[in-house]
Amino acid sequence: MDMIREVEPSARRPSPGSPTSLKEANQARLIEALQFSGTMTQAELSRFTGLAPSTVSNIVRELTASGLLRVSPTVSHGRTAQAVRLSRGAGVLVAADFGHRHLTVAVADLAYEVLAEERVTLEWDHRVHDGLAEIDRIMDSLLPTLGLARELVVGVGMGLPAPIDVRTGEVGAPSQLPGWVGVDAAALATEKLGVPVRVDNDANLGALAEDRWGAGRGAENVAYLKLSDGVGAGLVIRGELYQGSIGTAGEIGHATMNEFGALCRCGNRGCLETLVGTPALLGQLAATHGTGLAIADVVALAQGGDVACRRVLEDAGHHVGVAVANLCNIFNPDRIIVGGELAQAEGLIVESMQRALKRQGIPSAAQAVQMVLAELGSRSQLLGALVIASGGASPAVLAAARDNSVDVARVAD
C-alpha cells in the first residue's frame, strides 16, 4: 500500500523573513500592481511598488518565463522600454451585473480589461436558478470565442440590486429581484458555475469602480449614488468599501422623505425611491406623455424644452439633494458621485441637487463636498464586479496608487 508522507510545516511554506518568503511577497506586490494598473513599464513598476529596478527586472524575467506575464517593446519618455502586463493565460475574470430586467456578463483579463461581454433581457420576476443559468450559458458562449478554457476563470463577481447580509450571504429585502430574496447567492452560484463567486450590492460595486478608475480618484471619502429603478448609495472610506454591521449601509433610497407618502416596496411610506425611482418619474408623466417613455426620452424632451419633463427631473434632483444633505451631515464625504440612469440628465438634476444640499446641509459639510457625475456610466457596476471577482488589490497597492503619479485609470471602454 502506498504511504502518504506528512510534510513538516517548515517544508510546506517558507518561514517569514526568509529569502523565499521575501521573493514571493515581492512577486505578489508586482502582480497586484499590474492587476490594478494594467500595462506598465518596468520603470513604472519600480516607482509604483517601491522595489529596486534590478528586483523588478528579475521578477519580470522569471514570471514571463513561467507564462504569467507578457512583455512587449514600447516607448516611454522618448526611450525604448519594456511594457509589462499580465498574460491572458494567467487567468480571466467574469462579471455579472443584474438589473431589474437585464443581465450583463463580461469576461476580462486579470488587469480588468474587458475582452467580451453580452447583455440579455430578463423577466422581472425570474428565479435565482434562471439568472444563474443565463450566466452559465453566456460564459459557455463567450469563453470559446476568446480561445479560453472554462478552467482559466479564476473568479466571478456578481452585482445585485439588493442588500446582501454579510453575516449569512443572503439576499435581503427590499430587492429589485424578488426571486432571489433569502438565497445565499454566492454559495449557490459557486456550486452552479464551479468557480468562486463573490456577490455585493450594485451600488457598492459602482462605488468601488468609480473610486478606483472614475470620478472618485483622489478623494478620501466617497458616496456613489445609483439613481435608477432602485436608489442606493455605495460608501468608500479611504479606499475601503463601508458596508455597515450587516451590509445594508448606503440604503439611501429608503430614507423617509414623507411618513404619510406613497407605499414603498420595503413596506414603509414616503421613501426617497417612491419619489425619484425611474418607475415613479415615468408614472408622473404617463397621463400627459403616455406609457412608452424611457428616462433617456424624458431627458431628451426636457433638454428640448418640454416643461413637464424638465419639472419632473428638477423635482427629482431636489428630493435627492435633501437626502444627500442628510447624508453629508452624517457621513461628511468630500465627493458625491451621481450615477445610474438619472445621471443622463446631468445639469438638470445635479444643479437641483446642489441647491437643495446648500439649503438643507450643514454649511461646513455642504461647502466641503464636491458633487460630480459618474465617469464610467453604466459600466460602473460591471467593473466593480470584476474587482470583487479578483478579491481586489491589497491595501498596500491601493495606497501606492493614491500616492503615486503613475496613471492607473486604464479601463477599457
Side-chain angles (χ1 to χ4, degrees), residues 4-77 79-94 108-113 148-149 151-157 195-196 198 208 212-213 238-240 386-411:
I4 299 177
R5 181 173 63 86
E6 176 69 12
V7 180
E8 291 297 323
S10 60
R12 292 189 189 129
R13 55 184 177 272
S15 61
S18 70
T20 302
S21 177
L22 181 60
K23 178 180 177 181
E24 291 180 354
N26 289 341
Q27 288 178 341
R29 188 172 180 84
L30 186 143
I31 290 169
E32 287 178 336
L34 287 172
Q35 186 178 24
F36 188 84
S37 303
T39 303
M40 301 174 75
T41 66
Q42 292 192 34
E44 287 175 328
L45 280 168
S46 179
R47 294 197 302 271
F48 190 93
T49 62
L51 299 174
S54 58
T55 301
V56 170
S57 180
N58 289 334
I59 292 174
V60 169
R61 184 172 60 254
E62 292 176 8
L63 297 184
T64 301
S66 70
L68 189 61
L69 300 183
R70 180 161 53 89
V71 177
S72 58
T74 188
V75 176
S76 177
H77 303 293
R79 296 183 177 181
T80 301
Q82 294 292 317
V84 184
R85 68 176 296 112
L86 291 165
S87 168
R88 191 178 300 181
V92 292
L93 305 169
V94 172
D109 63 19
L110 295 182
Y112 308 120
E113 180 178 350
L148 300 172
E151 290 72 26
L152 284 176
V153 177
V154 299
V156 175
V195 293
R198 296 179 177 88
L208 279 177
R212 179 172 291 201
W213 295 299
R238 296 183 179 178
E240 296 291 326
L386 290 174
V387 175
I388 64 168
S390 68
S394 70
V397 171
L398 292 173
R402 289 176 176 275
D403 298 337
N404 203 287
S405 61
V406 175
D407 180 14
V408 295
R410 301 174 184 177
V411 182

What is the minimum heavy-atom distance between [X] and [Y], and which atoms define it?
{"X": "V84", "Y": "Q42", "answer": "CG2-CG, 3.9 Å"}
{"X": "F48", "Y": "R29", "answer": "O-NH2, 4.4 Å"}
{"X": "S390", "Y": "R198", "answer": "C-NH1, 4.1 Å"}
{"X": "A111", "Y": "G38", "answer": "CB-CA, 3.7 Å"}

Hey, could you give me the CG/CZ distance between L386 and R212, rounded to the nearest 0.5 Å?
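These two atoms lie 10.5 Å from each other.
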
Quick one: pull up CG in L30 and CD in Q35 and give me the separation to the nearest 0.5 Å.
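Nearest 0.5 Å value for the CG-CD distance: 11.5 Å.
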
Quick check: does any side chain N or O of T41 sit under 3.5 Å from a backbone N or O of Q82, one acting as donor and the other as acceptor?
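No; judged by distance alone, with no hydrogens or angles, the pair does not exist.
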
Any V154 side-chain heavy atom under 4.5 Å of V195 side chain:
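The answer is no; the side chains never approach within 4.5 Å.
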
Is there a side-chain contact between I59 and L45 in this structure, where contact means two heavy atoms from C-beta onward sitting under 4.5 Å apart?
no

For R85, side-chain hydrogen bond (donor to acceptor under 3.5 Å, both in side chains) partners two or more places apart:
T39, D109, E113

Would you be so kind as to tabulate the donor-acceptor pairs closer than 3.5 Å made by side chains of residues 62-76, with sequence neighbours excluded?
residue: E62; atom: OE1; partner: K23; partner atom: NZ; Å: 3.1
residue: T64; atom: OG1; partner: V60; partner atom: O; Å: 2.6
residue: S66; atom: OG; partner: L63; partner atom: O; Å: 2.9

Under the side-chain contact (heavy atoms from CB on, under 4.5 Å) test against N26, which residue among V56, T49, T55 passes?
T55

